[in-house]
Amino acid sequence: MDLGEGSGRLGSLPTTTSRTMSSSSSAFFSANQSPFFSPRSSTCQLSESARFDVQCDSTNLSADPSSSSSGIPDPECLANVGFAVSDESLMPAACVSSDFPKFDHSSCTYGHLQDNCFSGIIEKHRRHIRSHDMMFSPVPISLSSYQQSSYDVYIGLHGRKPCFLRFMNWLRAELEVQGMSCFVSDRARFRNSRKHGRIERAMDASSFGVLILTKKSFRNPYTIEELRFFSSKKNLVPIYFDLNMGDCLIRDIVEKRGELWEKHGGELWISYGGLEKEWKEAVNGLVRADAWKLEALEGCWRDCILRAVTYLAMRLGRRSVVDRLTKWREKVDKEEFPFPRNENFIGRKKELSELEFILFGDISGESERDYFELKARSKRKHLTIGWSKSRSLEERRRECNWENGSRKGKEPVIWKESEKEIEMQSTERQRYQRPRSSGRNSRRKRSAKFIYGKGIACVTGDSGIGKTELLLEFAYRYHQRYKMVLWIGGESRYIRQNYLNLWSFLDVDVRVENGIDKRRMKSFEEQEEAAISRVRKELMRNIPFLVVIDNLESEKDWWDQKFVMDLLPRFGGETHILISTRLPRVMNLEPLKLSYLSGVEAMSLMQGSVKDYPIAEIDVLRVIEEKVGRLTLGLAIVGAILSELPINPSRLLDTINRLPSRDFSWSGREAHSLRKNIFLLQLFEVCFSIFDHADGPRSLATRMVQVSGWFAPAAIPVSLLALAAHKIPEKHKGTRFWRKLLRSLTCGFSSCYSKRFESEASSMLLRFNLARSSTKEDYIHFNEVIRMYARRRGVTGVSHAMVQAVVSHASLSHHSEHIWAVCFLLFGFGNDPTVVELRVSELLYIVKEVILPLAIRTFMVFSRCSAALELLRLCTDALEAADQAFVTPVEKWLDKSLCWGPIRTNAQLNPCLWQELALTRATVLETRAKLMLRGGQFDIGDDLIRKAIFIRNSISGEDHPDTVSARETLSKLTRLLANVQAHTSP
């Protein structure tokens, strides 16, 4: 069963359609009993302006704007929308009516609503509601009469807290994504009896009634009525929000037992003039629905929603939905987080509270003790973050309420987004100020405070200060508030690929489109943008994700210099963005500057498992703390050394000071950041000395660190890292010969010994905090500071060893980022020099086995057209340079001594290798031509394929299958090029 299964097209319904609820004796409800309204149906398309915001207490019918192909709503399409009613879901009433009507279960049809009547209803209800109840933009809608909808799920709620509405939006969106139609209503916000009657008919037409219960729901007459109604039909699905099932006992509520009901309990039916018998009957109905056991507590939102969706799909007979959710959860459990949680995380309570407030606009739990305010600058009104402890929490909340709801007459706060600036500004020109008065009671002008809850936060700080640890702890602490944590490496060369890799979690297709047979062919840039927009579109739904961009190197993408902002969803939605960077400012956002740990926290980190140092040693630890720059990375390494070795702080400091000084006269941006903390680099050398002392002068752990700097900034397989470390050439050739001989004699035992050595070496790196473990089994990750130092340390042959290991053992599907790192070393991308020089035979093997598959996969699977074409272009240049070297005359003493005459070129010395080189170059040219064909670059493709045909004609002949295939490609390009010229000619 597909995603949209079970949803019908309402335009094809008969004029009089009614649905009677099937018997509840069956555990399943057929998905084909009646046509269901689907928010993802292609028959109905709503523009963004036509959506009704549930958070503003309207009856949301969940039309997904992303399903519309245009931003303009089609009146005929909107006429087929299966609203519960044509007007009751548009505007809510301001207060609760005491005499609510009873249900009428009879089948009925809806009256016709004309356009002028629709606009009149809007104006009528605007006079009855407060300005902060609902933000609504009227659009011309003509709703069809004689239609009655049926729904899979009715969602009833009562409340306006942001976290409550966020949970409800998530539940509704998740149900809709899985193909279950929903009707959402907060009936307490409606006054019109006609509206209530039509909502009741929607309740009767729903297969299940999901009621989100809070501690205030039991004094709401409409919630009580909904409980009685769905309990009587035996299709009640209660979800307890910030409640336990055990809390909802009649005796406890009435007698105000416990801390919860002391304030919110009592004889609640009196508050709305109801009957005690009916109230108790409704609450008792929860006991009969206890099989669901859905409790949305603070730390289990995700689990609750997924369980609810799974249970509802099972009861509706949607087995495909259940299977899809099960597979998705298995994948998430394994791949959601890049690193395991740090159980010894220290400090950062203030920073975590700030991040929570920045992203959610609210704080809860222990974080309420810490808060901060956002001030508008006097000139440009940018957001600034300042820590305030002078005002009480209650005063801050009053200001929040004033900003969010009580700004009558004020213009709304909007977000401005552009490539140069992202800032929250108020459309009003004048600041809010209190009336001036003279004398002692005069008050100064007061600036407006903006609540920063737009869902994006940036953490900045030096390398090694603990930015990744902070983001990881935040992600683990609040991951239940999101459907998934999407972790992206922010390195400029890899960020776009990392972003597109999210397709597997979001279930979107980012493959390149086949536009050859279409009337208009998309350019490469349009195809790349289309792939990115598909991922961005999924992140802009009401389903919350947490996108973590770790170690953002630049605001612009390295490949095309486009702003990273173009990758991200629009701010202010349910998806939150969390960025860590060394940049002082990102996208004109006010960053959270990460400071050092406090003295007590730093001391606890350095002491490790040893807690009883004398005062003199404590003083030495404080000296080490200052010398290491108070960086969290250095403190953790110091603590690991003191815990692993029988050494005290004084001896460790003396050892570091006695190390011979190395040449740190490097140049470049990376070198500058390393030279700022020479003591930290000496601490690395102490670790290398410890490794060499334990395992010999060529410790595997030391070589693994040395070679790690040339891999991509991602998790590295231990086996691949160890293989590269083994390939580092030795300084003494004789020793190398005897080691090879020893390996040949003990080849039968080498595999088990190498596995043991790899495990011991990786374990040593993890224990000394030079590497961190990954959630992937047998993978480790290195800090950027350590990787930079490994590259600058300058051991001969390390980069070549890394290339050999990756080319021989890496998998394209699992290690594509490390294969890209090999390409960066082999070819001079941009202004970068070529780091590794290869022999012709090695180059040919890499081109055929690595470069071509990587380029094709990058182009076809991820739509990264520019990167794939640039890789093939540089590959062509390298092959042409090798070919030029082959045909260049050589001058060797051996050539002159041969009796049959001098041989003047390498091509003549090795004709087979030269022919293979030429044919490989022809293959690359043909591949480039075929890719140009997909982007409409027919002229460039024509030139490339002609070169390939010339080479193959010269070596293989005209009748060779490869030559014939190339000629077919040429004929196709020629025909398409002629068509383009015919259409563009005047």
Side-chain angles (χ1 to χ4, degrees), residues 331-332 334-339 456 458-459 467-468 471-472 475 482 484-511 528-529 531-539 545-569 575-583 586-587 711-717 772 774-776 779 781-784 787 810-824 829 854-855 857-859 861-868 870-871:
K331 181 179 178 62
V332 169
K334 296 178 181 178
E335 304 178 22
E336 179 177 16
F337 294 98
F339 314 113
I456 179 169
C458 179
V459 178
K467 301 184 296 295
T468 301
L471 267 59
L472 186 68
Y482 304 95
M484 186 180 179
V485 177
L486 303 172
W487 198 281
I488 299 174
E491 292 76 15
S492 57
R493 295 191 182 192
Y494 301 91
I495 184 171
R496 179 166 297 194
Q497 181 64 57
N498 294 336
Y499 184 79
L500 291 174
N501 285 340
L502 300 179
W503 73 269
S504 61
F505 297 106
L506 302 176
D507 196 21
V508 296
D509 187 5
V510 296
R511 290 177 296 181
E528 291 189 16
E529 181 59 34
I532 292 174
S533 65
R534 290 180 209 129
V535 177
R536 185 170 56 227
K537 174 182 174 182
E538 290 299 316
L539 297 176
F545 290 93
L546 177 61
V547 180
V548 179
I549 304 178
D550 188 26
N551 191 28
L552 181 66
E553 286 185 343
S554 173
E555 295 186 52
K556 295 183 178 181
D557 183 41
W558 183 84
W559 292 95
D560 54 11
Q561 297 302 305
K562 289 185 178 179
F563 283 92
V564 175
M565 175 185 121
D566 296 338
L567 303 175
L568 305 178
T575 293
H576 291 170
I577 313 294
L578 191 54
I579 303 172
S580 70
T581 180
R582 288 174 289 170
L583 302 174
V586 174
M587 296 184 292
F711 280 86
I716 310 172
R772 65 180 310 159
S774 173
T775 50
K776 296 181 180 179
Y779 279 69
H781 192 280
F782 290 88
N783 188 281
E784 183 61 24
R787 296 180 65 255
S811 168
L812 182 59
S813 59
H814 296 94
H815 312 125
S816 60
E817 61 276 3
H818 300 304
I819 297 177
W820 270 109
V822 168
C823 297
F824 291 135
F829 281 81
L854 176 65
R857 183 175 185 266
T858 302
F859 189 100
V861 178
F862 296 101
S863 300
R864 293 190 59 208
C865 308
S866 301
E870 178 66 11
L871 174 61

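Atom CD of residue E817 and atom CD of residue E491 lie 10.5 Å apart, to the nearest 0.5 angstrom. Going from atom CZ of F337 over to atom NZ of K776 covers 15.5 Å, rounded to the nearest 0.5 Å. To the nearest 0.5 Å, the span separating CD1 on I549 from CD1 on I579 amounts to 4.5 Å. Of the inter-residue distances, the one linking I577 atom CD1 with C458 atom SG reads 12.0 Å to the nearest 0.5 angstrom. The CG atom of L486 lies 9.5 Å from the OH atom of Y499; values are rounded to the nearest 0.5 Å. For the atom pair CE (M565) and CD1 (I456), the distance works out to 9.5 Å, reported to the nearest 0.5 Å.
Residues S504 and K331 form a side-chain contact, since some pair of their non-hydrogen atoms from C-beta on lies under 4.5 Å apart. At least one side-chain heavy atom of C823 sits under 4.5 Å from a side-chain heavy atom of L871. Inter-residue side-chain proximity for R511 and W503 is flagged as unmet; no heavy-atom pair is nearer than 4.5 Å. For the pair T468 and N783, the minimum side-chain heavy-atom distance is 4.5 Å or more. The side-chain heavy atoms of S492 and V564, taken from C-beta on, include no pair separated by under 4.5 Å. Residues P338 and W487 form a side-chain contact, since some pair of their non-hydrogen atoms from C-beta on lies under 4.5 Å apart. Two residues are said to be in side-chain contact when any heavy atoms from C-beta on lie closer than 4.5 Å; L567 and D557 fail this criterion. Taking the side chain as every heavy atom from C-beta outward, N551 and P713 never approach each other to under 4.5 Å.
Using cut-offs of 30° and 60° for the angle between ring planes, the F711 and H818 rings count as perpendicular. W820 and F829 have perpendicular rings, their planes meeting at more than 60° on a 0 to 90° scale where under 30° would count as parallel.
Open room surrounds CG on D507; 12 or fewer heavy atoms of other groups in view lie less than 6.0 Å from it.
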Side chain to side chain contact (heavy atoms under 4.5 Å, CB included) evaluation trace for R496 with I532: CA-CA 9 Å; R496 179 166 297 194; I532 292 174; 4.0 Å; yes
Do L506 and F545 pass the side chain to side chain contact (heavy atoms under 4.5 Å, CB included) test, and can you show the C-alpha distance, the side-chain angles, and the key distance before you say yes or no? CA-CA 10 Å; L506 302 176; F545 290 93; 3.6 Å; yes
Assess the residue pair F862 and N501 against the criterion (side chain to side chain contact (heavy atoms under 4.5 Å, CB included)); give the C-alpha distance rounded to whole Å, side-chain angles, the decisive distance to 0.1 Å, and a yes or no. CA-CA 8 Å; F862 296 101; N501 285 340; 3.3 Å; yes
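Considering all non-hydrogen atoms of both residues, R857 and S816 come closest at NH1-CB, 4.0 Å. Between L552 and T581 the shortest heavy-atom distance is O-OG1, 2.7 Å. Closest of all the heavy-atom pairs between P569 and L539 is CG-CB, 3.9 Å. For T858 against Q497, the heavy-atom pair with the smallest separation is CG2-OE1, 4.4 Å. The shortest heavy-atom contact between L583 and E553 is CD2-O, 3.6 Å. When all heavy atoms of N498 and G489 are compared, the closest pair comes out as ND2-O, 3.0 Å.
The closest donor-acceptor contact from the side chain of S580 to the backbone of V459 lies at 3.5 Å or more, if one exists at all. The backbone N or O of S866 lies less than 3.5 Å from a partner atom in the side chain of E528, making a donor-acceptor pair. With H576 contributing its side chain and V548 its backbone, the two residues share no donor-acceptor pair below 3.5 Å.
Salt-bridge formation is not detected for the pair R582/E784: no Lys NZ or Arg NE/NH1/NH2 atom is positioned less than 4.0 Å from an Asp or Glu carboxylate oxygen. With respect to the salt-bridge test (charged N to carboxylate O, under 4.0 angstrom), the residues E870 and R864 do not qualify.
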